[in-house]
Amino acid sequence: VGAGRVGTAVAELLRRRGHTVAWVASRTESSARRAAATLAAPVADLDSPDAGKARRGRGPHMGADVILIGAGDDAIAEVAARIAPLAGPGTVVCHFAGALGLEPLEPVVSAGGGACALHPVQSCPSVAAALERLPGSVWGVTAPPHLAAWAHELVAEVGGTPVDVAGPVRPLWHAAAVTASNGLVALLHTAESLLHAAGIEPALQVLAPLVEGTLANVWGRGPAEALTGPAVRGEAATIERHLEVIGATAPDLAEPYAAAAALILAAGRRAGKVEGRTEASVLALLNDARDT
Ligand SMILES: NC(=O)c1ccc[n+]([C@@H]2O[C@H](COP(=O)([O-])OP(=O)(O)OC[C@H]3O[C@@H](n4cnc5c(N)ncnc54)[C@H](OP(=O)(O)O)[C@@H]3O)[C@@H](O)[C@H]2O)c1
């Protein structure tokens, strides 16, 4: 239910492992039809009387051992409430949201069904990308004890590596994924914009070898050891020069640059590489730039 990128891809990966996709439903019929064509499955209308009969085993095609909710995070609770009548004993309902645990699936559990939260730590901009990347990704699994082994097996079936994540720490787990993925992209967007401001094209070709080298350092030595640069070394004059020219040529980038430098500085402090005095003097410079 929710024929988007992750839901469609997970269903397809399971189909390739020999499972049958019993039906597909989505908010819009066009999405449901597109996914149904990929998955060689019928489109189900959750509002039809057949859906109501399914729990009693009389629906023509609504019976399913597993129901995957591929709807966006905000819609999961609503979808769970709608499908609860389909999810009696013997059915397990899974969602893929990182920050949510089993709470939004409560209506399913009340109806006697099982519930699991399975979060692939991956960035999937399309179904095709998800099909390629979900196998090989790490998945955060939150499941009740009687379903834990089953959930690990399901993740392994799609080629993922399961990691148990307790429900209360899922927001931390998801915040880490967001920081690593979206945060990195936002930093690179800022770096690309700074090169554009300098008239350098194509900017990404300049940045790619640097980023590859940096990532190799991080994987090899760990982020704390790999952290370098003027903010960590306390080179206030260099940072002042950056801020001066950014302010004159690309003032809208002053705030993002200062925010990134503050992030570097804070990481340097936590890594024990920046002294309090150095941090205070560089922070004063950055705060001035952010205020103007
Ligand atoms: N994409 C990623 O990189 C990624 C990575 C890890 C985890 N996730 C998680 O995976 C889940 C799905 O994300 P996604 O990126 O695959 O989203 P998506 O491509 O935007 O797909 C979401 C689908 O949910 C459907 N939907 C929304 N509200 C619905 C409702 N009330 N009833 C039925 N269907 C509904 C939409 O249907 P229509 O198309 O019919 O409007 C849409 O096709 C989310 O929980 C997300 O946090 C995503």
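All ligand and atom numbering here is 1-based and tracks the order in the structure. Counting begins at 1 with the first residue of the sequence.
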Could you pull out, from Arg5, Arg133, Glu29, the option with a heavy atom nearest to atom 19 (O) of ligand 1?
-> Arg5

Under 4.0 Å from any heavy atom of Gly70, which atoms of ligand 1 are there?
-> 12 (C), 21 (O), 22 (C), 23 (C), 24 (O)

Between Val21 and Leu14, is any pair of side-chain heavy atoms under 4.5 Å apart?
-> no

Give the numbers and elements of all ligand 1 atoms closer than 4.0 Å to a heavy atom of Cys124.
-> 1 (N), 2 (C), 3 (O)

Which heavy atom of the protein is the closest neighbour of atom 37 (O) of ligand 1, given with residue, atom name and distance?
-> Ser26 OG, 3.0 Å

Report yes if the side chains of Leu39 and Trp23 come closer than 4.5 Å at any heavy-atom pair, otherwise no.
-> no

Identify the two heavy atoms, one from Ser181 and one from Ser123, that lie closest to each other, and give their separation to 0.1 Å.
-> OG-CB, 4.1 Å

Can you tell me how far the OG atom of Ser126 sits from the CZ atom of Arg133, to the nearest 0.5 Å?
-> 7.0 Å

Indicate yes or no for a side-chain donor-acceptor contact from Arg170 to the backbone of Leu100 under 3.5 Å, with no hydrogens or angles considered.
-> yes

One finds that the ligand 1 atoms under 4.0 Å from a non-hydrogen atom of Asp73 are 44 (C), 45 (O), 46 (C), 47 (O)

Contacts of His174 that satisfy ring-ring contact (aromatic ring centres under 6.0 Å, His included) - sequence neighbours left out = His119

Subset of ligand 1 atoms that lie under 4.0 Å from at least one heavy atom of Ala3 = 43 (O)

Between His95 and ligand 1, which part of the residue brings a heavy atom under 4.0 Å of the ligand: side chain, backbone, both or neither?
-> neither

Decide side chain to side chain contact (heavy atoms under 4.5 Å, CB included) for Phe96 and Leu134; before the verdict, give the C-alpha distance in whole Å, the side-chain angles of both, and the deciding distance to 0.1 Å.
-> CA-CA 12 Å; Phe96 305 113; Leu134 292 181; over 6 Å; no

Nearest non-hydrogen protein atom to atom 35 (C) of ligand 1, with distance, is Arg27 CB, 3.7 Å

Where ligand 1 meets Ala97 - atom numbers and elements under 4.0 angstrom, heavy-atom basis = 45 (O), 47 (O)

Atoms in ligand 1 flagged as close to Val79, the criterion being non-hydrogen separation under 4.0 Å = 30 (C), 31 (N), 32 (N)

Can you find an N or O of Val6 that's nearer than 3.5 Å to an N or O of ligand 1?
-> yes

Salt-bridge contact Glu12-Arg15 (side-chain N to carboxylate O under 4.0 Å) = yes

Top protein contact for atom 10 (O) of ligand 1, by heavy-atom distance | Phe96 CB, 3.6 Å

Can you list the atoms of ligand 1 that are under 4.0 Å from a heavy atom of Ser31?
-> 38 (P), 39 (O), 40 (O)

In terms of residue, atom name and distance, what is the protein heavy atom nearest to atom 25 (C) of ligand 1?
-> Gly2 CA, 3.6 Å

For Ser123, is the nearest heavy atom under 4.0 Å from an atom of ligand 1?
-> yes

Filtering Arg34, Arg82, Arg33, Gln122 for the heavy atom nearest atom 5 (C) of ligand 1 leaves Gln122

Those residues at least two apart in sequence (or on a different chain) that pass side chain to side chain contact (heavy atoms under 4.5 Å, CB included) with Ala71 are Ile69, Ala75, Val79

Can you sort out which atoms of ligand 1 are near Thr28, meaning under 4.0 Å from one of its heavy atoms?
-> 38 (P), 39 (O), 40 (O), 41 (O)

Consider ligand 1: state whether an atom of it lies below 4.0 angstrom from any non-hydrogen atom of Glu78.
-> yes

Between the side chains of Asp164 and His152, is a donor N or O closer than 3.5 angstrom to an acceptor N or O?
-> yes

